[in-house]
Peer 1: 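First the structure, which I've put down as structure tokens, then a few questions once you've had a look.
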Amino acid sequence: MFKRVLIANRGEIAVRIARTLREMGVSPVTVCSDADRHALHVRMCDAAVEIGPAPSRESYLVTQKIIDAAKKLSAEAIHPGYGFLSEKPELAAACKKAGIVLIGPPEEAIVAMGSKTSARALMKKAGVPVVPGSDGAIIGGDVEIQMAAKKVGFPIMIKAVNGGGGKGMRLVRSDDELLSAARMARGEAKSAFNDDAIYLERFIERPRHVEIQVFCDGHGNGVYFGERDCSLQRRNQKIIEESPSTAVDGKLRAKMGEVAVKGALSVGYVGAGTMEFLLDPHGNFYFLEMNTRLQVEHPVTEAIFGVDLVREQVRIAAGEKLGYTQQDITGRGHAIEVRIYAEDPAQGFMPSPGTITHLQFPAGPGVRVDAGVTAHAEVPMFYDPMIAKITCWAQTREHAIARARRALEETKVGGIKTNIAYLDALLAHDGFHKGDVHTGFIPEHHDTLAPPPAEIEIERAVLAAVLHRELDDHASSAPSAPSTTNDVGAWQRAGRHAGLLRGFFQR
Amino acid sequence: MSYSVKVNGKEHAVSLRQVAPGRFVASAFGKEWPLAVVRQADGTLSIAAGDDRFDAQIDPFEHGAFVDLGVTKIFVEALTLREAQKRKLQEASAGGAGDWQVRSPMPGKVVSVLVAEGAVVKKGQGLVVIEAMKMENELRAPDAGIIKEIQVKPGQTVVASAVLLAASSK
């Protein structure tokens, strides 16, 4: 087993990986940009190398800086997390050259699956069903885009060839929206992935996004850990994920799982990977893309199967065998993950970076929190707006939903805007309770998802605001809880802060 | 003290009278409310309004505050009567009716400016694209008008609520 592993990432996923490494007796080390010197992921690790300015193109996305950091800290392996360099074949190649193990699939498998167009062709060949599309990146300008669109047929989804996470994706319903959408998609793809190549694909109406978690060792063995239903998406960004899917029964699960494992093994895949499918209302499924890395929503799978996917990744990267077969894998209960974003639903979901003035995460039975921030931390404008994930497990779906709503109610994030109330409205939605979801669920129900506050809430808010002003104007007239931050010494404050952190780390 | 409290576009008159340390009686929404309040170490107010007990975290923002009641966050402006009067006078004397500005809703980078000075724009037309947290956001015209002044260039970094451009209504 490795003695030391470099985490080439930031935020909640770097924190999450560090935790597992710690449990395995492996020393976690990491990198940070100038904006992240005080970040939680740095504090969770034994060492950190500063790798440059805040914009990720000058720090987290520079392969050589990551390799140099690993060498400097004598790390034997690199865990790339998700995003950043995790799906770049350059990192795999550079690792190989430097004699460092990449905790991820081999370079060839990343290349095969990295370009969505080549992945489509390969999966088609391996017998995995695919959606009709432009069969390759569009070469040329407006005329070529219009010609390709005519061939594929509306509605059309524009996608970045080297994209992911919804960046550079646009749905186009008619010819007159096509060119401006293509321009936006290219712009986003360029800024997010430094590559503005796009392709077109037929848009399947009312599909679910159902993905299969696959896992392969380097010895030709592959298994799947069920599915995740990630149909609740806003602008193609997942915000709530659950497992199992209400649309997948044992038979369909086995069919999708077997196809997924076959597809992965056909490109020599090793480690954790996710095969994303569109599932139509008739039980037909189509290959969308493969994510050749750990997925943001992996805790949902961990909750159901009682597996630590990062631990498995590290074990497999160190050359070990799976040590179990498909028959050994059984899921239990229901899990739901909600993603908390620093964004303002009231203003068209504009990002809301800033300083977190107040922070409280939920706890209690069946609740898991993965966060990359602490109170008083700055949420920088340079990176993804997701600040935390809350995953709730329970015996039944209804109970898991109730638990997730309870957990959201306990969550307090002050100083920045978040989507917490929006997530709660989704969880409370009748259509969601019935399991009647599809990837267009959020736009379809948008108007009912931001209900005006109830009368009692208005009354409470008004009374609280007035009391707040009154107490501020006559500070002495307010009785305080045993100690207030105004009158304690610095040592006492530091001690209390450390106590809070201990609680946080142990969760 | 008497307050004029604005929430969801409606104004409510509230008067508050202290009866003991941490104990008040409020007159609001057409009734009397016995209130007890404790300020927790982290600034949260624990409030009992009659039999209704709740926590409120208050986040000041611009002229008001976001009141976080658990899941719901509500923007509330609580002004003393004097402040409310002053505000009304200011609003009445402010600039030419119909002129508008576009401000950046968040810190970010200007990706592109889609109009030129002197351009006649329609309501809802895209004006400036701002990138923050890996997302591009198109800011649109709140109304029809003529672009008077553009204050930013592509590539420029802007702070939250920075004025990007100004327009007049014809």
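In what follows, chains carry the letters A, B, and so on, assigned in the order in which the sequence lines appear, proteins first and then strands, with residues in each chain numbered from 1. As a basis for the values below, the full set of heavy atoms in this structure was taken, side chains included, without hydrogen atoms, waters or symmetry mates.
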Peer 1: Quick one: of A49(B), A65(B), P105(B), who has the most non-hydrogen atom pairs under 4.5 Å with chain A?
Peer 2: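 Counting heavy-atom pairs under 4.5 Å, the top option is P105(B).
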
Peer 1: Looking at chain B, which one of L467(A), D424(A), I420(A) has the largest number of heavy-atom pairs inside 4.5 Å, strictly under?
Peer 2: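 Heavy-atom pair counts peak at L467(A).
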
Peer 1: Tell me if a side-chain donor or acceptor on D59(B) pairs with a main-chain N or O of G415(A) at a distance below 3.5 Å.
Peer 2: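 Present.
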
Peer 1: Please classify the contact of E136(B) with chain A as side chain, backbone, both or neither, using a heavy-atom distance under 4.5 Å.
Peer 2: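 Its backbone and side chain both get close to chain A.
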
Peer 1: Counting heavy-atom pairs closer than 4.5 Å to chain A, which one of V111(B), I58(B), D55(B), V67(B) comes out on top?
Peer 2: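 The option with the most such pairs is I58(B).
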
Peer 1: In sequence, state the C-alpha distance, the side-chain angles, and the governing distance for M350(A) and L139(B), and then conclude on side chain to side chain contact (heavy atoms under 4.5 Å, CB included).
Peer 2: CA-CA 10 Å; M350(A) 290 281 178; L139(B) 305 181; 3.3 Å; yes

Peer 1: Examine distances only and state if a side-chain atom of R460(A) and a backbone atom of F54(B) form a donor-acceptor pair shorter than 3.5 Å.
Peer 2: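 Judged by distance alone, no pair lies under 3.5 Å.
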
Peer 1: Is S56(A) close to chain B through its backbone or its side chain, or both, or neither, when contacts mean heavy atoms under 4.5 Å?
Peer 2: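 Contact with chain B involves no heavy atom of S56(A) at all.
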
Peer 1: Identify which part of A132(B) has an atom lying under 4.5 Å from any heavy atom of chain A, answering side chain, backbone, both or neither.
Peer 2: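 Both backbone and side chain of A132(B) come within 4.5 Å of chain A.
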
Peer 1: Which atoms of I456(A) are under 4.5 Å from chain B, going by heavy atoms: the side chain, the backbone, both sets, or neither?
Peer 2: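 Just its side chain gets close to chain B.
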
Peer 1: Considering only heavy atoms, which portion of A464(A) lies under 4.5 Å from any heavy atom of chain B: side chain, backbone, both, or neither?
Peer 2: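 Contact with chain B: backbone and side chain both.
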
Peer 1: For L471(A) and V37(B), work out which heavy atoms get closest and say how close.
Peer 2: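 In terms of heavy atoms, the two residues are closest at CD1-CG2, 4.0 Å.
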
Peer 1: Could you report the tightest heavy-atom contact between D472(A) and R39(B), atom names first, then the distance?
Peer 2: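 Looking at all heavy atoms of both residues, the shortest contact is OD1-NH2, 3.3 Å.
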
Peer 1: Picking from A28(B), A78(B), G126(B), which has the most non-hydrogen pairs under 4.5 angstrom with chain A?
Peer 2: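 Most heavy-atom pairs within the cutoff with chain A belong to A78(B).
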
Peer 1: Nearest 0.5 Å, what's the CG-CD distance between L69(B) and E459(A)?
Peer 2: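 Going from CG on L69(B) over to CD on E459(A), the span is 11.5 Å.
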
Peer 1: In Å, rounded to the nearest 0.5 Å, how long is the span from CD of E457(A) to OG1 of T72(B)?
Peer 2: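 Output value for this atom pair is 3.5 Å.
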
Peer 1: Non-hydrogen atoms of chain B under 4.5 Å away: do they reach the side chain of A342(A), the backbone, both or neither?
Peer 2: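 For A342(A), the contact with chain B is made by backbone and side chain together.
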
Peer 1: For F432(A), what residues pass the ring pair (Phe, Tyr, Trp, His ring centres under 6.0 Å) criterion, not counting sequence neighbours?
Peer 2: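 If we apply the ring pair (Phe, Tyr, Trp, His ring centres under 6.0 Å) test to F432(A), skipping adjacent residues, there are no hits.
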
Peer 1: Would you list the atom pairs, donor with acceptor, under 3.5 Å between side chains in residues 145-163 of chain B and any protein atom, with sequence neighbours excluded?
Peer 2:
unit_1	atom_1	unit_2	atom_2	d
Q156(B)	OE1	K153(B)	N	2.9

Peer 1: So which residue, A465(A), G348(A), P353(A), ends up with the most heavy-atom pairs under 4.5 Å with chain B?
Peer 2: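 Ranked by heavy-atom pairs under 4.5 Å with chain B, first place is P353(A).
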
Peer 1: Checking heavy atoms, do the side chain of D52(B), its backbone, both or neither come under 4.5 Å from chain A?
Peer 2: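 Contact with chain A is through the side chain of D52(B) alone.
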
Peer 1: Take E455(A) and F29(B) through the test side chain to side chain contact (heavy atoms under 4.5 Å, CB included) and record every step on the way to the result.
Peer 2: CA-CA 10 Å; E455(A) 198 167 322; F29(B) 305 102; over 6 Å; no

Peer 1: Could you tell me which non-hydrogen atom of M133(B) sits nearest to which non-hydrogen atom of S352(A), and how far apart they are?
Peer 2: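 Answer, listing the atom of M133(B) first, then S352(A): SD-N, 4.2 Å.
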
Peer 1: Identify which part of S112(B) has an atom lying under 4.5 Å from any heavy atom of chain A, answering side chain, backbone, both or neither.
Peer 2: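 Contact with chain A involves no heavy atom of S112(B) at all.
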
Peer 1: If we define contacts as heavy-atom pairs under 4.5 Å, which of H358(A), E343(A), E188(A), E409(A) has the most with chain B?
Peer 2: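 The residue among H358(A), E343(A), E188(A), E409(A) with the greatest pair count is H358(A).
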
Peer 1: At their closest point, which heavy atom of R469(A) faces which heavy atom of L79(B), and how far apart are they?
Peer 2: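 Result for this residue pair: NH1-CA, 3.9 Å.
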
Peer 1: Show every salt bridge (charged side-chain N to carboxylate O under 4.0 Å, His left out) that has at least one partner inside residues 106-115 of chain B, sequence neighbours left out.
Peer 2: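 Passing the test, one end in residues 106-115 of chain B: no pairs.
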
Peer 1: Just checking heavy atoms, which of residues 3-13 of chain B are less than 4.5 Å from chain A?
Peer 2: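 Only Y3(B), V5(B), V7(B), N8(B), H12(B) of residues 3-13 of chain B have a heavy atom under 4.5 Å from chain A.
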
Peer 1: Which region of H468(A), side chain (C-beta onward) or backbone (N, CA, C, O), has a non-hydrogen atom less than 4.5 Å from a non-hydrogen atom of chain B, or is it both or neither?
Peer 2: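 When you check distances to chain B, atoms from both the backbone and side chain of H468(A) fall under 4.5 Å.
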
Peer 1: Quick check for you: to the nearest 0.5 Å, what is the distance between S180(A) atom OG and E138(B) atom CD?
Peer 2: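 It comes to 7.5 Å.
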
Peer 1: First locate atom CD of Q360(A), then atom OG1 of T44(B), and finally report the distance between them rounded to the nearest 0.5 Å.
Peer 2: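 One finds 7.0 Å between CD of Q360(A) and OG1 of T44(B).
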
Peer 1: How close do P351(A) and M106(B) get, heavy atom to heavy atom, and via which atoms?
Peer 2: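 That would be O-CB, 3.3 Å.
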
Peer 1: Under 4.5 Å heavy-atom distance to chain A, tell me which part of V71(B) shows up: side chain, backbone, both or neither.
Peer 2: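 Both parts, heavy atoms under 4.5 Å.
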
Peer 1: Where does I416(A) contact chain B at under 4.5 Å (heavy atoms): side chain, backbone, both or neither?
Peer 2: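 The backbone, not the side chain.
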
Peer 1: More than 12 foreign heavy atoms under 6.0 Å from CZ of R82(B): is that the case here?
Peer 2: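 Open: at most 12 neighbouring heavy atoms sit under 6.0 Å from CZ of R82(B).
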
Peer 1: Identify which part of F66(B) has an atom lying under 4.5 Å from any heavy atom of chain A, answering side chain, backbone, both or neither.
Peer 2: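 Contact with chain A is through the side chain of F66(B) alone.
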
Peer 1: Quick one: of V462(A), V379(A), V413(A), T411(A), who has the most non-hydrogen atom pairs under 4.5 Å with chain B?
Peer 2: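 Answer, by heavy-atom pair count under 4.5 Å with chain B: V462(A).
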
